[in-house]
Amino acid sequence: KIWLAAFSNQTNARLDQVLMTRLVSSSQLGLYAVAVNVSLMQIGFTAAVSTALLPRVAAGEAHLAARALRVVFALTTLISAALIFTVPVLLPFAFGERFSGAVAMCQILLAAAVPFGVAQVMTNVLAGLGLPGIAARGELISVGITVPALVLFVGRYGGEGAALISFIAYSCTAVYLALHLRRRLDLSWS
């Protein structure tokens, strides 16, 4: 079942761009693609933590999950916040003034990177606990939100709308996974 969670996670991370090919202009899609790539800079960090955490949780060290999630949440939030404030200068500097239209999309996607990264870690923790079905359902929730919302709203709201939809979808997945993980590990919210 973990393959379904991993497939859904990666599909959802790119699904917006695939659907947008028919819903927005090519220039809007190009700006959005730049925003996505800039916003995913910290995902390498969460992927590394997830990969290292999976075998340890599977070996019985589930107590590490809460600490790892707190660290990932804190660091991803700090990195995203720093980038949110600096991307209005950095993005046009790196790509040119023609890409200034990607700034707002990028800022929203940087906020979305927090629940996306935390969900990525929780997916591996759940897999390590032998509960990949919960992770798969969480990712399917995200896909189930993304597809209809993009079809309904992206034509009107463009890349900013797509970024906001991603933020909402990733947040719903993260909350779903957190609720299940909290119950399975008997953790407090703190």
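We use all heavy atoms of the structure for the numbers below, so side chains are in, but hydrogens, waters and symmetry mates are not.
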Just distance, no hydrogens or angles: give the donor-acceptor pairs under 3.5 Å from side chains in residues 100-117, sequence neighbours left out.
| residue | atom | partner | partner atom | Å |
| --- | --- | --- | --- | --- |
| Ser100 | OG | Glu97 | O | 3.0 |
| Ser100 | OG | Glu97 | OE1 | 3.2 |
| Gln107 | NE2 | Ile84 | O | 2.9 |

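- Counting heavy atoms from C-beta outward, Leu164 and Tyr157 have side chains that stay 4.5 Å or more apart.
- Note on Leu152 and Leu23: same hydrophobic cluster, where clusters join Ile, Leu, Val, Met, Phe, Trp and Tyr whose side-chain heavy atoms are under 4.5 Å apart, directly or indirectly.
- Scored by the salt bridge (Lys or Arg N to Asp or Glu O under 4.0 Å) test, Arg56 finds Glu61 as partners (sequence neighbours excluded).
- Looking only at side-chain heavy atoms (C-beta outward), Gln28 and Glu160 come within less than 4.5 Å of each other.
- To the nearest 0.5 Å, atoms CZ (Arg183) and CD1 (Ile134) are separated by 7.0 Å.
- Of the possible polar contacts, one joining the Ser166 side chain to the Ala162 backbone as a donor-acceptor pair under 3.5 Å is found.
- Clustering ILVMFWY residues whenever any of their side-chain heavy atoms sit less than 4.5 angstrom apart, transitively, puts Phe93 in a cluster other than the one holding Val87.
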Which atom pairs, one a donor and one an acceptor, fall under 3.5 Å between side chains of residues 29-38 and the rest of the protein, sequence neighbours left out?
| residue | atom | partner | partner atom | Å |
| --- | --- | --- | --- | --- |
| Tyr32 | OH | Asp16 | OD2 | 2.4 |
| Asn37 | ND2 | Ala33 | O | 3.0 |

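- Side-chain contact between Leu131 and His180 is absent, with no heavy atoms from C-beta onward closer than 4.5 Å.
- To the nearest 0.5 Å, atom OH of residue Tyr176 and atom CD of residue Glu139 are 11.0 Å apart.
- In this structure, Phe95 is not a member of the same hydrophobic cluster as Leu90, with clusters built from ILVMFWY side-chain heavy atoms closer than 4.5 Å.
- Side-chain atoms of Thr173 come within 3.5 Å of backbone atoms of Ala169 as a donor-acceptor pair (strictly under, hydrogens ignored).
- Placement of Val151 and Val24 in two distinct hydrophobic clusters is found when ILVMFWY residues are connected by side-chain heavy-atom separations under 4.5 Å, directly or transitively.
- There is no path of hydrophobic side-chain contacts, each under 4.5 Å, that joins Leu91 to Phe85.
- With rounding to the nearest 0.5 angstrom, the CG atom of Leu150 is 4.5 Å from the CD1 atom of Ile165.
- Residues Leu177 and Val118 form no side-chain contact, since every pair of their non-hydrogen atoms from C-beta on lies 4.5 Å or further apart.
- Around CZ of Phe99, the count of heavy atoms belonging to other residues, nucleotides or ligands within 6.0 Å exceeds 12.
- Annotation: the span from Gln120 atom CD to Asn124 atom CG amounts to 7.0 Å, rounded to 0.5 Å.
- Atom OG of residue Ser25 and atom CE of residue Met20 lie 8.5 Å apart, to the nearest 0.5 angstrom.
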